[in-house]
Student: 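First the structure, then my questions, so here it is.
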Amino acid sequence: MNFTDTVTVAGTRRTADGYLVAGARIARTGIQNYLGAEVGRPEMRTVRVYRPGTEVFSEDTLKSAAHRPVTNEHPQEMVTSANWKTYSVGQTGDEIAGEGIFIRVPLMVSDEAAIQDIESGKQELSAGYVCDLDFAAGVTPTGEAYDAVQKNIRINHIAIVRRGRAGSKVRIGDAAAPWGCAPLAAPRSNSDHRQNKEGMMSTKTVTVDGVGIEVSDQAAEVIATLQQRLADADVAYQKAIAVRDAELDAVKARLLSDVEIERRVEARADLIGLAKAIAGNVKTASLSDAAIRKAVVLAKVGEGAVEGRSEVYIDARFDMLAEAIREMPDLFAAAVKDGITTEQTSMSAAFTAYAAMVRDLQSAHLPANPI
């Protein structure tokens, strides 16, 4: 795999003939985080890659930093003698040294456009290199956990970038444009070897929360998949909200208005009052309207008269009883409206007879097939 490692240009100056020379930190030790897809482990969200000092400052790694081409941004392939003229805007020197956790190299930029980019603020560097990646988890001497270790680091070129992975202290150095290191545990074919040693992985620019970032093709696919999943989740959420709103509307439609509640209360009270008037001892508590009507009919005419009858029949029988009650003249009220007299008292036998007649009418059985 190919990797990049960003650093910063420091102490730049122009030569008499216009070239820019500087000392540059081009790589550092420590742990850097990569997407799993960037290092061939798509099943892992992130991979903590450890670059130990023994590898960074090894003789072969330091030698590989000398006389390396400087490019303005990473090319889409490794820099070789065949394409050097196309990509190179300068070159590193051979006085390579360790500086704390960094590799420092002198470099010269000879292309005027690239020099102007640097002088206008484009001062981070990204070392393009190849390495082996050993997926052996462990802990650094300072107690930091890691998932893999870089080994056999060989620098190919130094790219001038605006933002690199290793941070702003690694300047006009370790870009966020991902290459990859070949896992030590995985055998490599000749074609894999040519791809790793001669060609860099292509990159794409993707937009995340309105910010464009440059990532590998694999990482771009992972990001696109995650973005699609988020979009699908949002659609599902909106559908769930719509279903909930529809259910709430249905519940609201079933709720009674204050006027309707008042109407039903009045109707219930009228029914109970009428039931008591027809059959005074009938129980109405906890009964439905239909059950009250049936209880009244049973109380007046007996169970045998309604056994096997439909609810329509029972309702009709109740209505007849109720009609008789409504049409019964209030003889007593009429009699006493002007006060009770001796003559009225003598008529009590007539009232009693009339009341008996009404009871007989209320208790009469309907014909088997009433018209």
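FYI, side chains are in, hydrogens and waters are out, and symmetry mates aren't considered; it's all heavy atoms of this structure.
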Student: Which of these, R68, Q150, R154, sits in a side chain to side chain donor-acceptor pair (under 3.5 Å) with Y129?
Tutor: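 Filter result, single survivor: Q150.
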
Student: Can you give me the closest heavy-atom contact between V39 and F135, atom names plus distance?
Tutor: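 Shortest heavy-atom separation between V39 and F135 comes out as O-CZ, 3.7 Å.
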
Student: Give me each pair satisfying side-chain hydrogen bond (donor to acceptor under 3.5 Å, both in side chains) with a member in residues 282-299, each pair once, sequence neighbours excluded.
Tutor: R268-D289, R293-D315

Student: Test side chain to side chain contact (heavy atoms under 4.5 Å, CB included) on R14 and I115 and set out the steps.
Tutor: CA-CA 9 Å; R14 289 263 197 162; I115 293 172; 3.2 Å; yes

Student: To the nearest 0.5 Å, what is the distance between OH on Y237 and CG on L230?
Tutor: 14.5 Å

Student: Just by distance, with hydrogens left out, do N72 and D111 show a side-chain donor and acceptor under 3.5 Å apart?
Tutor: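 The answer is no; no qualifying pair exists.
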
Student: Please check this pair: side chain of T71 against backbone of S88, looking for a donor-acceptor N/O pair closer than 3.5 Å.
Tutor: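 Not a single qualifying donor-acceptor pair exists.
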
Student: Using atom types as modelled and distance alone, determine if a side-chain donor or acceptor of D147 lies under 3.5 Å from a backbone N or O of N33.
Tutor: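 Not confirmed, D147 side chain does not pair with N33 backbone.
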
Student: Taking all non-hydrogen atoms of both residues, which atom of D94 and which atom of A66 are closest, and how far apart?
Tutor: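 That closest heavy-atom pairing would be CA-CB, 3.8 Å.
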
Student: Which heavy atom of E303 sits nearest to which heavy atom of L298, and what is that distance?
Tutor: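 Minimum heavy-atom contact is CA-CD2, 3.4 Å.
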
Student: More than 12 non-hydrogen atoms from neighbouring residues, nucleotides or ligands closer than 6.0 Å to CG on D17, yes or no?
Tutor: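 Yes, the 6.0 Å shell around CG holds more than 12 heavy atoms from other groups.
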
Student: What pair of heavy atoms forms the shortest contact from G36 to V47, and how long is it?
Tutor: CA-CG2, 3.8 Å

Student: Quick check: do Q91 and M108 have side-chain heavy atoms less than 4.5 Å from each other?
Tutor: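 When only atoms from C-beta onward are counted, M108 and Q91 do not touch, as no gap falls below 4.5 Å.
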
Student: If you round to the nearest 0.5 Å, how far is CG of N83 from NZ of K85?
Tutor: 12.0 Å

Student: Q228 and D232: side chain to side chain contact (heavy atoms under 4.5 Å, CB included), yes or no, with the steps?
Tutor: CA-CA 6 Å; Q228 184 60 50; D232 292 343; 2.8 Å; yes

Student: Salt bridge (Lys or Arg N to Asp or Glu O under 4.0 Å) for R48 and E144? Distances and angles first, verdict last.
Tutor: CA-CA 10 Å; R48 297 164 295 182; E144 296 179 273; over 6 Å; no

Student: Answer yes if the side chains of E77 and Y87 hold a donor-acceptor pair under 3.5 Å, and no otherwise.
Tutor: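 Distance-only check passes for E77 and Y87.
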
Student: Side-chain atoms of residues 52-65: list all donor-acceptor pairs with protein atoms under 3.5 Å, sequence neighbours left out, distances to 0.1 Å.
Tutor:
unit_1	atom_1	unit_2	atom_2	d
E55	OE1	N152	N	3.0
S58	OG	E55	O	3.1
S58	OG	T61	N	3.3
S58	OG	T61	OG1	2.9
E59	OE2	K63	NZ	3.0
T61	OG1	E55	O	2.9
T61	OG1	I153	O	3.0
S64	OG	T61	O	2.6
S64	OG	I155	N	3.0

Student: Rounded to the nearest 0.5 Å, what's the gap from CD1 on I278 to CG on L274? Could you check?
Tutor: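 Separation between the atoms: 4.0 Å.
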
Student: For N156 and V130, indicate whether the former's side chain and the latter's backbone hold a donor-acceptor pair under 3.5 Å.
Tutor: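 No.
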
Student: Any side-chain heavy atom of I241 sitting closer than 4.5 Å to one from R244?
Tutor: yes

Student: Shortest non-hydrogen contact from P106 to E95?
Tutor: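 In this case the closest contact between P106 and E95 is CD-O, 3.4 Å.
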
Student: What is the distance from atom CD1 of I31 to atom CZ of R51, rounded to the nearest 0.5 Å?
Tutor: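 That separation rounds to 11.5 Å.
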
Student: Does the side chain of T15 come within less than 4.5 Å of R13's, by heavy atoms?
Tutor: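 Contact flag for R13/T15 side chains = yes.
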
Student: With side chain to side chain contact (heavy atoms under 4.5 Å, CB included) as the criterion, how do I118 and L20 come out once you've worked through the C-alpha distance, each side chain's angles and the decisive distance to 0.1 Å?
Tutor: CA-CA 9 Å; I118 294 170; L20 183 144; 4.3 Å; yes

Student: Side chains of V70 and H157: closer than 4.5 Å at any heavy-atom pair?
Tutor: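 Answer no - side chains too far apart.
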
Student: What is the minimum heavy-atom distance between V282 and A275, and which atoms define it?
Tutor: CG1-O, 3.8 Å

Student: Can you tell me how far CD of E323 sits from CZ of F318, rounded to the nearest 0.5 angstrom?
Tutor: 11.5 Å

Student: Can you check whether A242's main-chain N or O pairs, donor with acceptor, with D245's side chain at less than 3.5 Å?
Tutor: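 Not confirmed, D245 side chain does not pair with A242 backbone.
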
Student: Which distance, rounded to the nearest 0.5 Å, do you find between the OG1 of T29 and the CD1 of I101?
Tutor: 4.5 Å

